[in-house]
Amino acid sequence: MLNIILFGKPGSGKGTQAEFIKEKYKLVHISTGDLFRQNIKNKTDLGKLAQKFINNGDLVPDNVTIGMLKAEVDSNYNAKGFLFDGFPRTVDQAISLDNYLEKVKLKIDLTISIDVKDDILIERILKRGLTSERKDDQDKIKIKNRFDEYNSKTAFLEEYYKNQNKFKIIDGFGNIDEVTERLYIEIDKLIK
Ligand code: ADP
């Protein structure tokens, strides 16, 4: 089993890189952002609940997110490993994930943080907002709010995983292939 968390600010490229990583290492990719967007599209109760938080750039409450995540892990019990993208985003989520994985005799192997400067991130997000339908990508105030949420709730996870010796930062600047290569180097170290 190989269980990896892709970590980074909004727009850092987690989703893009996850596509390559999941293929190469045959991992089940769990993106909480994608799961929420699917639920919104299908107008499920969960989607209706999450929608207003997401559109404003707020985090969805922990109890909702954690429940959704566990259900997703459960329904993939035969996976070779998981690639978590966009989860955990709060220390409570991280603690829940650790407790849950322990119960099913699994653990996180590594959290890899994709590091990109804020001004580049904002540029990337606004550009994505031109072609995607994501309302949270189209408004500078909502984008700023996502960064505030990151700084006030998510940034603490760096310390959480550093304390467990499971935190690695890679440079997220450069073209997509270069960043993918940097990620592969770190993941390959885990399987040698
Ligand atoms: P990005 O990382 O580009 O901001 P995501 O697609 O990962 O985008 O997430 C979009 C939105 O979904 C977040 O701004 C948040 O509202 C919600 N969301 C995703 N993951 C979580 C989570 N783990 N906890 C709470 N809210 C989440």
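Throughout, numbering of the chain's residues begins at 1 and tracks the sequence. Counting starts at 1 for both ligands and their atoms, following the listed order.
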Criterion side-chain hydrogen bond (donor to acceptor under 3.5 Å, both in side chains) on Asn39 and Gln51, from CA distance to verdict: CA-CA 9 Å; Asn39 276 282; Gln51 187 160 28; over 6 Å; no
For Asp118 and Tyr150, run side-chain hydrogen bond (donor to acceptor under 3.5 Å, both in side chains): C-alpha distance rounded to whole Å, both residues' side-chain angles, the deciding distance at 0.1 Å, then the answer. CA-CA 12 Å; Asp118 282 10; Tyr150 178 92; over 6 Å; no
Checking side-chain hydrogen bond (donor to acceptor under 3.5 Å, both in side chains) for the pair Asp58/Asn145: CA distance, chi angles, key distance, verdict? CA-CA 7 Å; Asp58 292 328; Asn145 191 40; 2.7 Å; yes
Residue pair Tyr100, Val73: steps toward the side chain to side chain contact (heavy atoms under 4.5 Å, CB included) verdict: CA-CA 10 Å; Tyr100 175 73; Val73 175; 3.6 Å; yes
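Ligand 1 is never approached by Glu149 to a heavy-atom distance shorter than 4.0 Å. Close to ligand 1: Gly11, with a non-hydrogen atom less than 4.0 angstrom away. Contact analysis leaves Lys9 out of contact with ligand 1, as no non-hydrogen atom separation drops below 4.0 angstrom.
Protein heavy atom at the shortest distance from atom 17 (C) of ligand 1 is Ile54 CG1, 3.8 Å. When hydrogens are left out, the protein atom nearest atom 26 (N) of ligand 1 is Val60 N, 3.0 Å; that is the closest non-hydrogen contact. At the top of the distance list for atom 27 (C) of ligand 1, counting protein heavy atoms only, stands Phe36 CE1, 3.8 Å. Nearest to atom 19 (C) of ligand 1 among the protein's heavy atoms is Arg89 NH1, 3.4 Å. Among all protein heavy atoms, the one lying closest to atom 14 (O) of ligand 1 is Arg146 CG, 4.0 Å.
Contact annotation for Thr65 and ligand 1: only side-chain heavy atoms (C-beta onward) come within less than 4.0 Å of the ligand. The proximity of Gln93 to ligand 1, defined as any non-hydrogen pair under 4.0 Å, is limited to the side chain.
For ligand 1, one of its N or O atoms has an N or O atom of Arg134 under 3.5 Å away. At under 3.5 Å, a nitrogen or oxygen of Gly86, whether backbone or side chain, sits near a nitrogen or oxygen of ligand 1.
Between Asn99 and Leu97, every side-chain heavy-atom pair lies at or beyond the 4.5 Å cut-off.
Within the listing of ligand 1, atoms 15 (C), 16 (O) sit less than 4.0 angstrom from a heavy atom of Asp58. Less than 4.0 angstrom separates some heavy atom of Thr32 from each of these atoms of ligand 1: 19 (C), 20 (N), 21 (C), 23 (N).
When Gln51, Arg128, Arg124, Lys14 are ranked by how near their heavy atoms come to atom 3 (O) of ligand 1, first place goes to Arg128.
Under 4.0 Å is where a charged nitrogen must lie from a carboxylate oxygen, and between Arg128 and Asp137 at least one such pair does. We find that Lys166 and Asp109 are not joined by a salt bridge, their nearest charged nitrogen and carboxylate oxygen being 4.0 Å or further apart.
For Phe167 and Phe7, the ring centers sit closer than 6.0 Å to each other.
Looking at Asn3, its side chain does come within 3.5 Å of a backbone N or O of Lys107 through a donor-acceptor pair.
Geometric assessment of Lys24 against the ring of Tyr184 yields a positive cation-pi assignment under the 6.0 Å and 45° thresholds.
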